[in-house]
Amino acid sequence: MVKLSSDLLPQIDSPIFCRVSINNDEKWVHGIITYINLDKNIAEIFLSAKYFKSYFSEGSKIVIKSLDENCETLFTGSVSKKVISIRKQAITIQISKVLSYNNQRKHERFRVNYSCRVRYEENISYIANISDISLGGGLIHSDDFFEEGRKIDIDVFVTPKITISFTCKIIRRIANKSGGYSYGVQLANIDDENYNLLSELIEYLQTQKKHLAQEWNMFNRLKYSVYAISILGIFLLIFVVFASKAI
């Protein structure tokens, strides 16, 4: 069996994890909500430093999904400010809309961006994209029309060497404003080898989220260390000044 961990590239206290998309981009990145005030419609999101230069800019439209055990919260708004310094590494969001709804999913979903092949009928297949995956299903985007309730075979091209194949049932179809359709699919059948690959992929994606939490903790430790050194330096300066006057 091909091992995922050696072949995959990164996709990206009690942190509140979220997922962030800019300007309706299908690419989602992980973040941590560090501050939110719904009365003022303001939120701050900690993000990995690698996304600041090329991905985010002030004025960009933004969508944020925050998920806990019982509720998924969707924020929409725009980036009003972004700061990366020794004190802060975050974007400030001016919130325009907040939606919350109960989370009925048994499995945590992860944002991905993989090409896939949908085998809809015998000898007929379509190229699509999967942007959301879990041990229980996923979200497929395609220009082609598929009937709700039908079972389809899906081959997910994780890397040039790794393909994960399974059978799903289409449980939801949404027509996209930009064209094409989004399909919510539920896992119906998967063999042991592909299930092991899917489980390893999910474990890898969970590890990427943990890396963000570690970056957040390291950033905070560095920030407080700088504060402590600054205060110590001030006291030392005051001591030197008074000592010189005493002499």
Side-chain angles (χ1 to χ4, degrees), residues 4 7-12 17-31 45 47-48 50-51 54-56 60-67 72-76 99 101 103-120 125-146 148 150-160 162-188 190 194 197-209 212:
L4 283 166
D7 198 47
L8 277 171
L9 293 174
Q11 290 271 67
I12 227 206
F17 286 101
C18 64
R19 295 171 295 193
V20 181
S21 174
I22 288 287
N23 294 330
N24 295 319
D25 190 350
E26 291 183 358
K27 176 183 178 181
W28 290 76
V29 300
H30 285 293
I45 313 294
L47 295 155
S48 179
K50 62 185 178 182
Y51 296 117
S54 58
Y55 193 55
F56 295 99
S60 298
K61 301 298 182 183
I62 191 166
V63 178
I64 302 163
K65 286 186 177 181
S66 171
L67 180 66
E72 183 166 316
T73 303
L74 177 70
F75 303 88
T76 61
L99 296 173
Y101 50 92
N103 172 36
Q104 303 295 329
R105 295 170 181 162
K106 296 180 180 179
H107 305 285
E108 181 178 6
R109 291 199 171 188
F110 295 89
R111 293 291 168 178
V112 294
N113 185 21
Y114 299 136
S115 295
C116 63
R117 178 172 55 224
V118 176
R119 289 177 278 127
Y120 186 65
S125 62
Y126 304 88
I127 295 300
N129 178 270
I130 183 166
S131 64
D132 183 310
I133 197 166
S134 76
L135 290 174
L139 185 65
I140 305 293
H141 304 278
S142 175
D143 292 332
D144 300 288
F145 181 90
F146 308 131
E148 289 188 52
R150 284 286 300 266
K151 286 187 176 180
I152 56 175
D153 296 318
I154 298 176
D155 304 314
V156 180
F157 306 121
V158 181
T159 74
I162 300 172
T163 300
I164 303 176
S165 301
F166 45 81
T167 301
C168 282
K169 180 180 180 180
I170 300 174
I171 59 174
R172 183 177 65 257
R173 182 185 65 243
I174 299 174
N176 299 325
K177 292 181 179 179
S178 57
Y181 304 89
S182 295
Y183 297 92
V185 297
Q186 185 177 60
L187 189 65
I190 186 170
N194 281 287
L197 283 173
L198 179 58
S199 298
E200 192 173 346
L201 173 62
I202 297 300
E203 183 178 347
Y204 170 82
L205 295 171
Q206 288 173 333
T207 300
Q208 296 304 304
K209 191 169 77 170
L212 179 65

- Could you give the distance from CG (Leu201) to CD1 (Ile162), rounded to the nearest 0.5 Å?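 Reported to 0.5 Å precision, the distance equals 8.5 Å.
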- Nearest 0.5 Å please: distance from the CD1 atom of Ile154 over to the CD1 atom of Ile190. 10.5 Å
- Task: Name all residues meeting the side-chain contact (heavy atoms from CB on, under 4.5 Å) criterion together with Thr163; count only those two or more places apart in sequence or in a different chain, and write none if there are none.
- Result: Asp155, Phe157, Ser165
- Query: side-chain contact (heavy atoms from CB on, under 4.5 Å) with Ser134: which residues, sequence neighbours excluded?
  - Reply: His107, Arg109
- Message: Under the criterion side-chain contact (heavy atoms from CB on, under 4.5 Å), I'd like the reasoning laid out for Ile140 against Ser182: C-alpha separation, chi angles, the key distance, then a yes or no.
- Response: CA-CA 6 Å; Ile140 305 293; Ser182 295; over 6 Å; no
- Task: Check side-chain hydrogen bond (donor to acceptor under 3.5 Å, both in side chains) between Thr76 and all other residues, then give those that pass, not counting sequence neighbours.
- Result: Ser96
Looking at side-chain heavy atoms only, is the closest gap between [X] and [Y] below 4.5 Å?
| X | Y | result |
| --- | --- | --- |
| Leu187 | Leu135 | no |
| Ile202 | Phe110 | yes |
| Ile130 | Asp132 | no |
| Ile174 | Tyr181 | no |

- Query: Between the side chains of Asp153 and Thr167, does any donor sit under 3.5 Å from an acceptor?
  - Reply: yes
- Message: Which residue is it: Leu139, Ile133, Val158? I am looking for the one with a side-chain contact (heavy atoms from CB on, under 4.5 Å) to Val112.
- Response: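 Going through Leu139, Ile133, Val158 one by one, the side-chain contact (heavy atoms from CB on, under 4.5 Å) with Val112 is satisfied by Ile133 alone.
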- Query: Does CD belonging to Glu203 count more than 12 external heavy atoms closer than 6.0 Å?
  - Reply: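 No, not enclosed.
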- Message: One pair to check against side-chain contact (heavy atoms from CB on, under 4.5 Å): His141 and Ser131. What are the steps and the verdict?
- Response: CA-CA 8 Å; His141 304 278; Ser131 64; 2.7 Å; yes
- Message: For Lys151 versus Ala188, what's the shortest heavy-atom pair and its separation?
- Response: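 Heavy atoms only, the tightest pair is CE-CB, 4.2 Å.
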- Task: Quick one: closest heavy-atom pair of Ile171 and Glu148, and the distance?
- Result: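 Looking at all heavy atoms of both residues, the closest pair is O-OE1, 3.7 Å.
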- Item | Under 3.5 Å: donor-acceptor pair, side chain of Asn129, backbone of Tyr114 | yes
- Listed partners of Phe146 passing ring pair (Phe, Tyr, Trp, His ring centres under 6.0 Å), at least two apart: Tyr120, Tyr126, Tyr183
